[in-house]
Amino acid sequence: MNLRATLKDKKRIVVKIGTSSLTHVETGRLNLTRLEILVRELSDLRNQGKEVVLVSSGAIGVGSAALGMNGKPSHLGQKQACAAVGQARLMMIYQKLFMEYNQMSGQILMTKNTLLDDLNRYNACNTFQSLLEMGVIPIVNENDTVSTYEIQFGDNDTLSAIVAALIGADLLILLSDIDGLFSDDPRTNPQAQFIDEVDSLDEHFLKMGKESTGSKVGTGGMATKLSAAKIATSAGADMVIANGRDPHVLHKIVEGEDYGTLFAAKPKEEFYLLDYIKNM
Ligand code: GLU
């Protein structure tokens, strides 16, 4: 059977959206139109009976715009202060929009320590499980106000893959500012070929990952997306990288339409999440 067509049957879906897709480039302020479409799409996936988790970036970006800063600050303390303001603002808006669709949402903030510590990890897993059983959409971010350089994930691509592995999701969708995986960076090489499907994420594909992000506000480039794909597919989830410019792609992807790059799950019997987290 065609792999795309099997996406219809996915039951537990993690969707990650990056800062560049959530905000206007010119001002760094929230793109409310896009946010509304995202929330409606996620609510509709819930209405189809699917369990949905949103991993949303934007805390630092939204906070720095709210505080009138010109771009993201580079100083850690200031970043954390921006995150404190921005995360609360983001959640306020998400909850308002989800309420319009009669949909419950809740916040889960994680640090690397949450996952390294057995008891914390076990508790986090239980919280996800209970929220999903109650029909709530968990909205996840890194706890940027307290994570410091030594313990931070740094990018939500990796965090979303870890969440997908932790809760046994069967699909992870990364909404980014690029259409998917290309054989080379399409911003600098017009000959770059678009890759529709990756059956096995070997060295050939991993080499296509570029460290940098093209966005001024996002953190993860293609390299972090490919390492997220490694985690998600080894844990048994399919993963799609698609352009978040139009969040309507969400239902199209889940209906099996050809959007973005699809990475096929390759569950590894020896997959052990802690090994990935410790090596980060
Ligand atoms: N946790 C960061 C934030 O909310 C984003 C990390 C990322 O861009 O992946 O601002």
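Ligands are counted one by one from 1 in listed order, and the atoms in each one are counted from 1 as well.
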Exercise for the section: Could you say whether the N/O atoms of N156 and ligand 1 ever approach to under 3.5 Å? Expected result: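 Yes.
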
Problem - Distance-only N or O hit between ligand 1 and I60, under 3.5 Å - result: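 Yes - when backbone and side-chain N and O of I60 are compared with those of ligand 1, one distance drops under 3.5 Å.
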
Do side-chain atoms of [X] reach the backbone of [Y] as a donor and acceptor pair under 3.5 angstrom?
| X | Y | answer |
| --- | --- | --- |
| Q80 | S147 | yes |
| S130 | N126 | yes |
| R34 | S21 | yes |

Handout entry: 4.0 Å heavy-atom contact, G58 with ligand 1
Key = yes

Practice task
Tell me which one of T19, T224, N141, I17 gets a heavy atom nearest to atom 4 (O) of ligand 1.
Solution key: N141

Exercise for the section: Among K10, R12, K266, find the one that has a salt bridge (charged side-chain N to carboxylate O under 4.0 Å, His left out) with D238. Expected result: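 Result for salt bridge (charged side-chain N to carboxylate O under 4.0 Å, His left out) with D238: K10.
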
Handout entry: Note: R245-D179 ion pair, threshold 4.0 Å (strictly below)
Key = yes

Problem - Ligand-side contact atoms (ligand 1) for residue partner D144, heavy atom cut-off under 4.0 Å - result: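 It comes down to these atoms of ligand 1: 1 (N), 2 (C), 3 (C), 4 (O).
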
